[in-house]
Amino acid sequence: MTGRGRTCKAKSPDIKCAKSTSKPEEIKHESPPRCTRKDFKEEKQKGATKEQKPKVQKKTSSSDENPSAQSIRKEKTTKHFTEEVSKQQSTPADNKKAPVQGRQAETTEPVTKSKKMQPKGTTEDSPKTTKEKKCVRKEKSPEQSREETKVQPEDIKTAKTCNAKDKIPETKMQPVRPKENPKADRCEGKVDTILSTTLNKLKIKRDEKSYTSKVVNELVDAILSHLKQNTQCFKEAVPLRTGSYYENLKISNPDEFDVMLAIPVDRVDVSPFGDDGAFYSVELKRGNSPLKRFEESSTLSASKMLGEFRAEVKECAKKYTEWEVTRKKKGCPAVTLIRTVQSITVSLDIVLSLVVKSSWPSFTKEGLQIDSWLGTKVKREYKWEPYYLVPKFEGRGTKEKDGVLAKDTWRVSFSHIEKAILKNHGSQKTCCEKEGERCCRKDCLKLLKHLLSLLKENNSSFEKFCSYHAKTTLLHACCSRTKDTDWGASSLSQCFRLLLEDFVSHLEEGILNNFFIPTQNLLSSLSRNTCNSLARCIREECDKGFPIFK
DNA sequence: CATGTTCGCGAGTGC
DNA sequence: GCACTCGCGAACAT
């Protein structure tokens with residue numbers, strides 16, 4: 001996407017440096033599979049066995065997470081899951097058990113039923129227009145089933161208002177579209193086309209993906225084995241592939257890869273640095289840690305540790321002459337390597353991080369409000385996960401507080417959770433799975449990211465906006481429009497407009513809270529003017545049918 | 001053109 | 001560690 005190689009790309013505030021270009025990123029981490037998936041899998045295996053195709057499998061990617069932790073967590077997860085799943089999620093659980101007979105039919109979602117009765121591709125569907133067909137697929141509540149096309153927007157709106165707890169002053173954007181206005185309908189149809197064409201353009205080509213990932217994986221493997229063989233402090237690093245590429249949210253080109261190398265630390269004291277709960281200083285409790293040598297007056301110095309990490313990565317990369325290590329960027333936790341692969345300039349961010357396996361900082365208490373979207377047990381599961389700290393600071397690094405310099409502080413990261421949420425994003429477990437309904441949540445996010453990056457190209461004053469803002473907006477939106485039916489794949493344009501409305505509201509208020517740490521306002525460093533100006537641009541695009549995409 | 005199938009990659013699992 | 005398996009999403013076929 002746009003900018004590789006810029007100062008720091010904007011990765012999530014968690015991980016990346018503040019600058020931004022376009023991408024939200026996260027860290028991923030190979031977390032134990034959510035139970036859902038597991039259960040689902042099991043069930044599938046029992047029932048519909050799939051034909052296994054002989055694949056030429058290549059990579060043996062090792063997900064090596066700290067073994068002990070892994071097993072512990074695994075156990076935990078599985079256990080919870082099974083228990084909780086059966087207890088709590090009555091609907092999904094039912095689905096699993098009786099997939100064959102209209103799951104959900106009796107429960108709350110009539111939708112599936114209708115789908116069941118009219119599988120795609122049957123003759124019943126054939127006479128319908130495309131649009132109608134889609135509507136059928138999309139789940140709706142009974143009253144909505146007829147008058148499909150027209151009703152949808154209202155439908156969504158309603159849902160929104162219902163759950164719109166935190167919605168602020170209703171500065172609404174142009175109404176989603178009057179119901180009985182044929183012309184408007186036509187326009188909306190055009191917008192549909194524009195959006196889906198745009199999405200198609202944003203797709204990553206298979207062969208590009210194939211050869212870029214090959215060179216990236218080679219280098220990552222080399223760095224890992226270098227660290228294992230030549231260092232003490234970094235030898236336990238566990239790779240977590242994070243960022244939009246690995247979340248299947250990368251648009252346009254496979255040119256940005258993010259790999260976090262996570263160093264397990266046991267027993268640390270983590271204290272807030274600053275008052276928004278995003279930055280922390282870290283103190284090692286145990287005496288024998290190899291990380292002791294990065295201490296600076298009893299706190300673990302992020303800058304020292306990153307400095308040495310960078311040197312090791314550089315050392316290793318020397319042997320790979322096609323790759324170039326870019327200059328260190330102030331406050332940025334990544335060592336960025338660049339190389340050109342068949343005319344694509346690929347950049348790989350290797351991000352140092354610490355894995356902290358203890359409960360999340362108290363600032364996260366009010367965050368992650370996914371209860372009504374993904375469920376309370378899913379939330380509880382996530383909160384069992386460790387969290388990550390990346391060597392990142394704001395400003396010049398010389399600010400001091402309680403004897404700690406900003407440059408020696410760490411920022412929390414929940415990229416692994418973001419990744420997990422995006423992967424398993426439905427309120428129904430089967431959302432977007434083969435047997436489930438498709439939703440447009442990810443498509444909406446891709447479009448928003450793309451819109452943002454185009455607007456940034458046109459106006460340099462927008463450079464501080466980053467794709468993480470887009471991602472955060474989506475996460476909040478999913479918490480206010482929680483049902484999968486609120487995001488039906490056939491309602492793309494309406495859903496996208498609502499998402500833009502959300503984004504515009506955040507901009508106009510100047511407030512976009514970190515999804516995990518609500519006390520941190522991701523827009524705090526942006527001026528009101530800039531925010532308002534971006535809001536105006538977005539409204540305009542929205543009102544005019546997205547000429548910028550054409 | 002829409003839908004179904006194949007392919008490549010990432011990633012989990014079990015040996 | 002390795003081989004196998006599966007899900008996702010792009011590409012291809014029908």
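In what follows, chains are A, B, ... by sequence order, proteins preceding strands, each numbered from 1.
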Rounded to whole angstroms, how far apart are [atom1] on [X] and [atom2] on [N]?
X        : N      : atom1 : atom2 : result
A:Asp192 : B:dA2  : CG    : P     : 12 Å
A:Arg438 : B:dA2  : CZ    : P     : 15 Å
A:Ile251 : C:dA10 : CD1   : P     : 12 Å
A:Tyr245 : B:dG8  : OH    : C1'   : 9 Å
A:Leu249 : B:dC9  : CG    : P     : 20 Å
A:Phe257 : B:dG10 : CZ    : P     : 8 Å
A:Glu433 : C:dG9  : CD    : P     : 11 Å
A:Lys423 : B:dA11 : NZ    : P     : 7 Å

Would you say [X] reaches [N]'s phosphate, i.e. side-chain N/O to OP1/OP2 under 4.0 Å?
X        : N      : result
A:Lys419 : B:dA11 : yes
A:Ser210 : B:dG8  : no
A:Asn217 : B:dG10 : yes
A:Lys442 : C:dC8  : no

Restricting to ring-ring contact (aromatic ring centres under 6.0 Å, His included), what partner residues turn up for [X], sequence neighbours left out?
X        : value
A:Phe503 : none
A:Phe234 : A:Phe309
A:His450 : A:Phe549

With sequence neighbours excluded, tell me which residues meet side-chain hydrogen bond (donor to acceptor under 3.5 Å, both in side chains) with A:Gln229.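 Once residues adjacent in sequence are excluded, A:Gln229 has no partner under the side-chain hydrogen bond (donor to acceptor under 3.5 Å, both in side chains) criterion.
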Looking at residues at least two apart in the chain, or sitting in another chain, which of them share a side-chain hydrogen bond (donor to acceptor under 3.5 Å, both in side chains) with A:Thr473?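 Scan of A:Thr473 (side-chain hydrogen bond (donor to acceptor under 3.5 Å, both in side chains), adjacent residues dropped) gives none.
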Under 4.0 Å, heavy atom to any atom of DNA chain B: which of residues 194-208 of chain A qualify?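 Under 4.0 Å from DNA chain B: A:Arg206.
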If the plane angle is over 60° it's perpendicular, under 30° parallel, otherwise tilted; pick one for A:Tyr387 and A:Phe414.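 Judged by the thresholds at 30° and 60°, the geometry between A:Tyr387 and A:Phe414 is tilted.
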Strictly by modelled atom types, are A:Glu385 and A:His416 linked by a side-chain donor-acceptor pair under 3.5 Å?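 Not at all, the side chains of A:Glu385 and A:His416 share no donor-acceptor pair under 3.5 Å.
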